[in-house]
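Step one of this worksheet: look at the structure below.
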Amino acid sequence: MNPATSAINPQKYGRLLAKVKPAVIQTEAENERMLSIVSKLMSKGEKLTPEEAVLLKLLGRLIRDFEEHFYHLEDAAPHEVLRELMDARGLKQNDISKLLGSKARASEVLNGKRAISKAQAKTLAEFFSISAELFI
């Protein structure tokens, strides 16, 4: 049995699933709804319940699967992947500058003048809940 799932309360998790109704994402609207839920869960930080942590992981997988299929990110250059993900979430350069280290680095990366480092790729992958390989 997985230790992460052994600590969850099945009744609480069932109620959470009934409320959120996660499913394979088919449309932009569904993706936006899931992104909104993920944002709310992530804002709880370390106060996530075990049930919420499992749900967050599930939603991240659903979002990643949708975005990799819908946006065909595997065919794009790393900076194009980043731009597409930012556009999909309504993010600006300033919103990701901390993830990349500075405003100047963010500008260089977004303009394709600087490659995304492995450390930055990992940070971006965690932030967007996708594979770091898309940024390398």
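Just so it is clear, the model here is predicted, and its values are computed rather than measured.
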Hey, does the side chain of [X] reach the backbone of [Y] with a donor-acceptor pair shorter than 3.5 angstrom?
X: Asn111; Y: Ser107; result: yes
X: Asp95; Y: Lys92; result: yes
X: Gln120; Y: Ser117; result: yes
X: Asn9; Y: Gln11; result: yes
X: Thr123; Y: Ala119; result: yes

Can you tell if the side chain of [X] reaches within under 4.5 Å of the side chain of [Y], non-hydrogen atoms only?
X: Arg15; Y: Lys19; result: no
X: Asp65; Y: Val24; result: no
X: Met34; Y: Phe66; result: no
X: Leu59; Y: Leu62; result: yes
X: Glu32; Y: Leu35; result: yes
X: Leu85; Y: Leu124; result: no
X: Ile63; Y: Glu67; result: yes
X: Ile116; Y: Ile136; result: no

Would you name the heavy atoms of [X] and [Y] that are closest together and state the gap between them?
X: Phe135; Y: Ala125; value: CE1-N, 3.8 Å
X: Leu110; Y: Met86; value: CD2-SD, 3.6 Å
X: Leu134; Y: Val81; value: O-CG2, 3.7 Å
X: Leu58; Y: Pro22; value: CD2-CG, 3.9 Å

Side chain to side chain contact (heavy atoms under 4.5 Å, CB included) between Arg33 and Ile37, intermediate numbers included: CA-CA 6 Å; Arg33 185 177 78 83; Ile37 295 166; 3.6 Å; yes

Atom pair CG (Leu100) and CZ (Arg105), whose distance is rounded to the nearest 0.5 Å: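 Going from CG on Leu100 over to CZ on Arg105, the span is 9.0 Å.
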
Straight-line distance of Leu56 CG to Leu41 CG, nearest 0.5 Å: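 Rounded to the nearest 0.5 Å, the CG-CG separation comes out at 5.5 Å.
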
Chi angles and distances behind the side chain to side chain contact (heavy atoms under 4.5 Å, CB included) call for Arg89, Phe128: CA-CA 10 Å; Arg89 289 171 175 79; Phe128 288 108; 3.4 Å; yes

Exceeds 12 heavy-atom contacts within 6.0 angstrom, atom NZ of Lys44: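 Yes, the 6.0 Å shell around NZ holds more than 12 heavy atoms from other groups.
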
Partner set under side chain to side chain contact (heavy atoms under 4.5 Å, CB included) for Asn94, not counting sequence neighbours: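 Once residues adjacent in sequence are excluded, the partners of Asn94 under the side chain to side chain contact (heavy atoms under 4.5 Å, CB included) criterion are Ser97, Lys103.
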
Glu108: partners by side chain to side chain donor-acceptor pair (under 3.5 Å), with sequence neighbours left out: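 Partners of Glu108 under the side chain to side chain donor-acceptor pair (under 3.5 Å) test: Arg114.
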
Pair Lys21 + Glu30, salt bridge at N-O below 4.0 Å: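 Judged by the 4.0 Å cut-off on N to carboxylate O distance, Lys21 and Glu30 do not form a salt bridge.
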
